[in-house]
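Okay, structure first, notes after.
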Amino acid sequence: MGRSQETQNKKEKEKKKLKKRKEKEEKREERKANSSKGKSFEEMLAYVDENGNISATPPDPNKRKVINQEDIKIGSSRQVVVEDTDIIRTGVVTFFNDSKGYGFIKDQKTQAGVFVHVNGLLEPIKENDKVTFEVEMGLKGTNAVKVSLIKKVADTEPKVTEQNSDPA
């Protein structure tokens, strides 16, 4: 029996396989040579300077700054709640829908529109009424609560009537 015949195609396939094996072996050797497993602990350390940049040299202990823990802010800054001295505000009802139970009040001080719901009313209101209210932060913005009508001056002053004490 004779030896099997090798075709040109089989020889090329064998050459490609050997070439891939050699390339793979070379890559493995290169990774071993450049790996950081053999480095010492000091070579692996990284330092952060005062500007937040990473460096290989340790910072100078003479330039050390003391930082209060309360001054450190992580994440986005929170909005500072500004407390007004007058909690009760005045405004005019610009829109109110009785059937749906909501509307808007234009604050006289800030000229901002404040949402009002029927649950925040102390008495019924309608459009163009002058009202007093308190502002409360809701899920979607500011809400007016404890809304009440401003009574007109003529209605709040007691009427004085003259009565004659002389019997006629």
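For clarity, every value in this text was computed on a predicted model and none was experimentally measured. Reckoned from all heavy atoms, side chains included, excluding hydrogens, waters and symmetry mates.
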Nearest heavy-atom pair of [X] and [Y]: which atoms, and what distance?
| X | Y | answer |
| --- | --- | --- |
| Phe133 | Thr90 | CE2-C, 3.7 Å |
| Glu25 | Arg28 | OE1-NH1, 3.1 Å |
| Ala144 | Ile105 | CB-CD1, 4.0 Å |
| Glu123 | Ser148 | OE2-CB, 3.4 Å |
| Tyr47 | Pro59 | CD2-CD, 3.9 Å |
| Gly113 | Thr142 | O-OG1, 4.4 Å |

More than 12 heavy atoms of other groups within 6.0 Å of Leu45 CG
yes
Crowding at CD, Glu30 (>12 non-hydrogen neighbours, <6.0 Å)
no
For the pair Phe115 and Tyr102, name the ring-plane relationship: parallel under 30°, tilted 30 to 60°, perpendicular over 60°.
parallel
Donor-acceptor pair, distance only, cut-off 3.5 Å: does the side chain of Asn51 make one with the backbone of Asn53?
no
Donor-acceptor contact present, side-chain Asn68 to main-chain Asp71, <3.5 Å:
no
For a 4.5 angstrom cut-off between non-hydrogen side-chain atoms, does [X] reach [Y]?
| X | Y | value |
| --- | --- | --- |
| Glu12 | Gln8 | yes |
| Asp98 | Phe96 | yes |
| Asn143 | Val135 | no |
| Val114 | Phe104 | no |

What is the distance from atom [atom1] of [X] to atom [atom2] of [Y], rounded to the nearest 0.5 Å?
| X | Y | atom1 | atom2 | result |
| --- | --- | --- | --- | --- |
| Lys20 | Leu18 | NZ | CG | 12.0 Å |
| Thr132 | Ile87 | OG1 | CD1 | 13.0 Å |
| Asn128 | Lys106 | CG | NZ | 11.5 Å |
| Glu136 | Lys146 | CD | NZ | 8.5 Å |
| Thr94 | Asp129 | OG1 | CG | 11.5 Å |

Cluster question for you: counting only ILVMFWY and a side-chain heavy-atom cut-off of under 4.5 Å, with indirect links fine, are Val145 and Leu121 together?
no
Val92 reachable from Leu149 in the ILVMFWY side-chain graph, under 4.5 Å edges:
no
Do the charged groups of Glu26 and Lys19 touch, with an N to O distance under 4.0 Å?
no
